[in-house]
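So the structure is just underneath, and the comments pick up after that.
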Amino acid sequence: MDYPDFMDASEKWTVTRIRNRKGKGKIVSLTAYDYATARLVDEAGIHLIIVGDSLGMTVLGYESTIPVTMDDMRHHTAAVMRGVKRALVVADMPFLSFQVSVEQAVDNAGRLIKEAGADAVKIEGGAFRAPVVRALVENGIPVMGHIGLTPQSVRAMGGYKVQGRSEEDAQRLKEDAAALEEAGIFSLVLEGIPAGLAAGITSAISIPTIGIGAGPDCDGQVLVIHDLLGMSGDFQPRFVKRYANLGDDMRLAFEAYRREVEDGTFPGEEHCY
Ligand code: KIV
């Protein structure tokens with residue numbers, strides 16, 4: 001198999017390699033939730049796979065990420081791990097798996113590492129999450145931070161709204177990034193914030209930022225894979241670029257199959273024993 005020339009096929013992307021890539025080249029990330037997709041993403045040379053709790057919406061059909069459970073995350077992370085050879089795999093900590101107590105956060109993050117095989121975990125929230133980050137890192141669990149538009153707080157934010165537009169909010173996000181870096185995260189997702197603010201945070205911290213709806217100056221980019229593939233129906237926010245229209249292609253394939261079974265074209269002679 002040929003690998004993209006930016007990638008040494010023999011080397012797994014570790015948290016150290018991701019952290020050290022800052023300033024040397026962009027970090028390319030996608031979400032994935034199952035074995036088959038993760039294998040293709042890995043073969044395409046994507047550096048970092050996030051098993052996002054967005055699976056609540058993309059795969060499980062919920063209206064938000066709130067109902068996603070630890071068992072959901074463990075199940076999907078384990079499937080992704082079976083498809084991946086090189087990408088770093090980060091498992092999302094779902095709503096209320098890390099908020100109740102530091103002890104519970106360590107226990108749940110440990111399950112994602114120990115039982116599902118994830119390389120690292122991601123938690124949403126700012127400076128107030130520093131004690132949790134510190135406890136995880138001290139226990140050998142690499143942590144990715146996530147600030148800005150944090151979907152688990154959709155109710156508190158009053159919807160999926162761009163964050164950090166006011167001077168005060170922007171300042172708070174800068175302080176959040178610094179506090180999380182200080183607590184030990186190895187990289188930071190910046191979601192749904194103005195491009196200028198993301199650029200400022202990116203240059204102010206020494207760990208890589210991964211942007212989604214945060215402009216071009218982050219150290220890397222991530223997209224939800226269903227959005228990139230055109231499988232999210234009418235949902236197409238401004239920050240998404242569709243690289244394929246698999247939703248349409250799949251529907252056409254299913255319709256063709258239905259027609260051929262109904263009119264007796266399939267199975268043909270060549271499909272019979
Ligand atoms: O849940 C998710 O998919 C995420 C990524 C977009 C970073 O948090």
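Note that ligands are numbered from 1 as they come in the structure, with each ligand's atoms numbered from 1 the same way. Heavy atoms only: backbone and side chains are in, while hydrogens, waters and symmetry mates are out.
- Contact annotation for Ile210 and ligand 1: no heavy atom of the residue comes within less than 4.0 Å of the ligand.
- Centroid-to-centroid, the aromatic rings of Phe235 and His226 stay 6.0 Å apart or farther.
- Within the structure, side-chain hydrogen bond (donor to acceptor under 3.5 Å, both in side chains) pairs that include any residue of residues 190-204 comprise His146-Glu191, Thr202-Thr209 (at least two apart or interchain).
- Close contacts of ligand 1 with Gly52, meaning ligand atoms under 4.0 Å from a residue heavy atom, involve 1 (O), 2 (C), 3 (O).
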Evaluate the criterion side-chain contact (heavy atoms from CB on, under 4.5 Å) for residue pair Met57 and Val224; output intermediate values, then yes/no.
CA-CA 11 Å; Met57 288 163 338; Val224 169; over 6 Å; no
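- In terms of polar-atom proximity, Lys122 is counted as a contact of ligand 1, with an N or O under 3.5 Å from an N or O of the ligand.
- Counting the atoms of ligand 1 from 1 in the order shown, those under 4.0 Å from a heavy atom of His146 are 8 (O).
- Heavy-atom proximity to Asp53, at under 4.0 Å, picks out these atoms of ligand 1: 1 (O).
- No donor-acceptor distance shorter than 3.5 angstrom exists from the side chain of Ser29 to the backbone of Val222, with no hydrogens or angles considered.
- Of the polar atoms of Ser54, at least one N or O is found under 3.5 Å from an N or O of ligand 1, judged by distance alone.
- Below 4.0 Å from some heavy atom of Asp92 lie the following atoms of ligand 1, by number and element: 1 (O), 2 (C), 8 (O).
- Remark: Glu270 CD is packed, more than 12 non-hydrogen atoms of other residues, nucleotides or ligands lying under 6.0 Å away.
- Protein heavy atom in closest approach to atom 6 (C) of ligand 1: Ile212 CD1, 3.7 Å.
- Side-chain contact between Glu103 and Asp107: absent, with no pair of heavy atoms (C-beta onward) separated by less than 4.5 Å.
- For atom 5 (C) of ligand 1, the closest heavy atom belonging to the protein is Thr31 CG2, 4.2 Å.
- For Gln171 and Glu167, the side-chain atoms include no donor-acceptor pair closer than 3.5 Å.
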